[in-house]
Amino acid sequence: MANCSCAVSCAVNPLERDCEEIRVACKGLGSDEEKIIEILGSKNEQQRKEIRETYYAMYKEDLCKRLEKELHGKLEKAMVLWMHEPADRDAIIAGTALEGWCTDDRALIEVICTRSSTQIVKIREAYQKRYQRCLDDDVICKTNGPFQKLLLALLKAHRCECKGVDMNKARCDAKMLYEAGEGQCGTDEETFIRIFSERPVSQLQTTFACYKQEYGHDIMKALKRETQKEFEEAIRVTIKSMYLPANYFAKVLHKGMKGLLNDESAIARVMVTCAEVDLKEINVVYERKYKMSIVQAFHQEISGHFKNFCLALTVRAGIPQLSMSHCGCD
């Protein structure tokens with residue numbers, strides 16, 4: 001890349017310089033993945049949007065489509081997710097989760113069950129624009145039973161977006177969830193669906209706290225074995241990802257790096273969606289639970305350009321890095 005500095009010397013502002021450097025990094029037989037990671041991995045959401053707009057203005061080409069052509073494997077998928085705005089990113093995650101014979105229920109739950117009504121509306125619009133299909137229709141085609149009912153109820157975007165928390169309603173909902181679950185034989189799934197699809201996240205978090213205070217254990221025990229497996233998993237993941245998100249996503253990262261085959265899709269999903277939200281908190285939980293930081297885990301369990309991209313996101317989140325001697329670098 002000796003000619004790179006010459007090629008970008010005429011750039012008049014940092015955005016144009018970044019775009020020219022990306023353009024140069026994409027030229028030739030092989031892309032300079034590390035340069036692309038260096039430029040884009042350090043940018044916040046607004047900066048990435050401006051780079052996309054500037055790149056298009058300069059070259060009349062969608063940067064995301066260029067990256068799809070130039071990058072490969074998990075780095076390509078992770079980088080493209082990173083470059084999209086949140087609603088478009090969630091639409092891609094949902095679309096990928098609904099592909100093939102077997103749906104990725106956890107990815108669907110993380111996108112649909114934890115977003116506000118305003119976010120859901122934007123995700124549906126982005127999904128329609130990208131795939132020329134209705135997200136609701138694809139959910140109907142690929143899921144069934146109470147799990148499908150929960151997803152469709154959430155996609156109606158009827159969740160209240162009140163900013164305050166109603167303690168009386170939280171106690172009442174906790175009682176109804178108890179009576180719908182462990183307080184009777186079987187599980188009244190309709191009650192769970194109604195409360196989970198209509199209450200804002202902050203209200204549900206308070207309801208979960210009231211449930212534990214009132215009944216001495218967390219709400220997961222309210223689900224019975226008679227409940228459909230996919231629905232039970234949806235409720236469990238929804239509770240965990242809303243009530244203790246750092247704990248939930250630390251576990252997803254850990255499971256994604258366990259065993260002979262890494263679940264790099266799950267790792268990429270967590271890193272990209274949490275990098276600008278709560279990655280630092282996730283790292284604190286990860287260290288407490290698994291006795292190493294996520295930076296150490298990445299060095300041990302994943303490799304190549306994908307590892308370097310994940311590490312770049314930890315840098316921008318302010319997570320301490322390993323010294324050269326500790327990471328095995330020369």
*What pairs with H72 under side chain to side chain donor-acceptor pair (under 3.5 Å), at least two apart in sequence or on another chain?*
none

_Whether the side chain of T191 engages the backbone of A180 through a donor-acceptor N/O pair (distance < 3.5 Å, no angle test) should be reported._
no

*Cluster question for you: counting only ILVMFWY and a side-chain heavy-atom cut-off of under 4.5 Å, with indirect links fine, are V315 and Y286 together?*
no

*State, yes or no, whether a side-chain contact exists between D263 and K255 at a heavy-atom distance under 4.5 Å.*
no

_Test: R66 and E70 ion pair at under 4.0 Å_ = yes

*With sequence neighbours excluded, what pairs up with R171 under the salt bridge (charged side-chain N to carboxylate O under 4.0 Å, His left out) test?*
none

*Ion pair check, K149 and E190, cut-off under 4.0 Å*: yes

*Do F231 and I193 touch side chain to side chain, with heavy atoms closer than 4.5 Å?*
yes

*asked:* Please verify the inter-ring angle class for Y178 with Y215; under 30° counts as parallel, over 60° as perpendicular, anything in between as tilted.
replied: parallel

*Give, for atom CG of D104 and atom CD1 of I93, the distance between the pair rounded to the nearest 0.5 Å.*
10.0 Å

*Show the numbers, then the answer: is there a side chain to side chain contact (heavy atoms under 4.5 Å, CB included) between E33 and M79?*
CA-CA 10 Å; E33 289 91 347; M79 185 63 79; over 6 Å; no

*Hey, are the side chains of V272 and F309 touching, using non-hydrogen atoms and a 4.5 Å cut-off?*
yes

*What heavy-atom pair brings I109 and A234 nearest, and what distance separates the two atoms?*
CD1-CA, 3.3 Å

*asked:* Within this structure, what is the OG1-CD1 distance for the pair T187 and I235, rounded to the nearest 0.5 Å?
replied: 10.0 Å

_Distance in Å, E276 CD paired with L313 CG, rounded so as to fall on 0.5 Å steps_ = 8.5 Å

_Check for me, please, whether V284 and L311 land in the same ILVMFWY cluster - side-chain distances under 4.5 Å, paths through other members count._
no

*Shared ILVMFWY cluster between V295 and V285, side chains joined below 4.5 angstrom?*
no

*For H84, the option from R48, R52, R89 that meets side chain to side chain donor-acceptor pair (under 3.5 Å)*: R52

_For E232 and F147: C-alpha separation, side-chain torsions, deciding distance, then whether side chain to side chain contact (heavy atoms under 4.5 Å, CB included) applies._
CA-CA 8 Å; E232 179 182 350; F147 176 51; over 6 Å; no

*Report yes or no: is the cationic atom of R23 (NZ for Lys, CZ for Arg) closer than 6.0 Å to the six-membered ring centre of Y59, at no more than 45° off its axis?*
yes

*Quick one: list whatever passes side-chain contact (heavy atoms from CB on, under 4.5 Å) with E301, sequence neighbours left out.*
M257

*Ignoring hydrogens and geometry, is there a side-chain-to-backbone donor-acceptor pair from Q148 to I140 under 3.5 Å?*
yes

_Could you tell me if the side chain of I22 sits less than 4.5 Å from the side chain of I51, heavy atoms only?_
yes

*Could you check if a side-chain atom of T273 sits within less than 4.5 angstrom of a side-chain atom of E110, using non-hydrogen atoms only?*
no

_Separation of K291 NZ from Q296 CD (nearest 0.5 Å)_ = 12.5 Å

*Would a 4.5 Å heavy-atom cut-off, applied to side chains only, mark H254 and K289 as touching?*
no

*Taking it one step at a time, do L204 and I195 satisfy side chain to side chain contact (heavy atoms under 4.5 Å, CB included)?*
CA-CA 8 Å; L204 286 170; I195 291 174; 3.9 Å; yes

*Taking all atoms of both residues into account, what is the closest heavy-atom pair of S241 and T114, and its distance?*
OG-CG2, 3.1 Å

*What do the steps show when you test M167 against C210 for side chain to side chain contact (heavy atoms under 4.5 Å, CB included), and what is the final call?*
CA-CA 9 Å; M167 286 300 300; C210 288; 3.9 Å; yes

*asked:* Would you compute the distance between atom NZ of K35 and atom CD of E21 and round it to the nearest 0.5 angstrom?
replied: 4.0 Å

*Checking Q184 side chain against G181 main chain: does a donor-acceptor pair fall under 3.5 Å?*
no

*asked:* Using a 3.5 Å distance criterion without hydrogens, assess whether the side chain of N13 forms a donor-acceptor pair with backbone atoms of L15.
replied: yes

Please tabulate, one pair per line, all N/O donor-acceptor pairs under 3.5 Å involving side-chain atoms of residues 157-164, not counting sequence neighbours.
{"residue": "R159", "atom": "NE", "partner": "F196", "partner atom": "O", "Å": "3.2"}
{"residue": "R159", "atom": "NE", "partner": "R199", "partner atom": "O", "Å": "3.0"}
{"residue": "R159", "atom": "NH1", "partner": "C113", "partner atom": "O", "Å": "3.2"}
{"residue": "R159", "atom": "NH1", "partner": "R115", "partner atom": "O", "Å": "3.0"}
{"residue": "R159", "atom": "NH2", "partner": "C113", "partner atom": "O", "Å": "3.1"}
{"residue": "R159", "atom": "NH2", "partner": "F196", "partner atom": "O", "Å": "2.9"}
{"residue": "E161", "atom": "OE1", "partner": "T118", "partner atom": "OG1", "Å": "2.8"}
{"residue": "E161", "atom": "OE2", "partner": "S117", "partner atom": "N", "Å": "2.9"}
{"residue": "E161", "atom": "OE2", "partner": "T118", "partner atom": "N", "Å": "2.7"}
{"residue": "E161", "atom": "OE2", "partner": "T118", "partner atom": "OG1", "Å": "3.0"}

*Would F249 and V277 show up in the same hydrophobic cluster when neighbours are defined by side-chain heavy atoms closer than 4.5 Å?*
no

_Side-chain donor-acceptor contact under 3.5 Å, Y127 with D138_ = yes

*Considering residues at least two apart in sequence or located in another chain, which fulfil the side-chain contact (heavy atoms from CB on, under 4.5 Å) criterion with P86?*
E45

*Over 12 foreign heavy atoms within 6.0 Å of NZ, K43*: yes

*asked:* Donor-acceptor pair, distance only, cut-off 3.5 Å: does the side chain of Q119 make one with the backbone of S116?
replied: yes

*Do the non-hydrogen side-chain atoms of L244 and Y248 ever get within less than 4.5 Å of each other?*
no

_Ignoring hydrogens, what is the shortest heavy-atom contact between C64 and V80? Give both atom names and the distance._
O-CG2, 4.0 Å

*Tell me yes or no: between the side chains of T314 and Q321, is some donor less than 3.5 Å from an acceptor?*
yes

*Under a 4.5 Å cut-off applied to non-hydrogen side-chain atoms, are H217 and Y211 in contact?*
yes

*Could you tell me whether the side chains of E34 and N308 share a donor-acceptor contact shorter than 3.5 Å?*
yes

*Measure from the side-chain N and O atoms of N283 to the backbone N and O of I294, and report whether any donor-acceptor pair falls under 3.5 Å.*
yes

*What heavy-atom pair brings A107 and A97 nearest, and what distance separates the two atoms?*
CB-CB, 3.9 Å

*Is there a donor-acceptor contact under 3.5 Å from the side chain of Q205 to the main chain of M242?*
yes

_If the condition is side-chain contact (heavy atoms from CB on, under 4.5 Å), which residues does T103 pass it with, not counting sequence neighbours?_
L98, D105, K142

*Nearest-0.5 Å distance that lies between atom CZ in R124 and atom CD1 in I112*: 10.0 Å

*Report whether M292 and V270 are members of the same hydrophobic cluster (ILVMFWY, side-chain heavy atoms less than 4.5 Å apart, transitive linking).*
yes

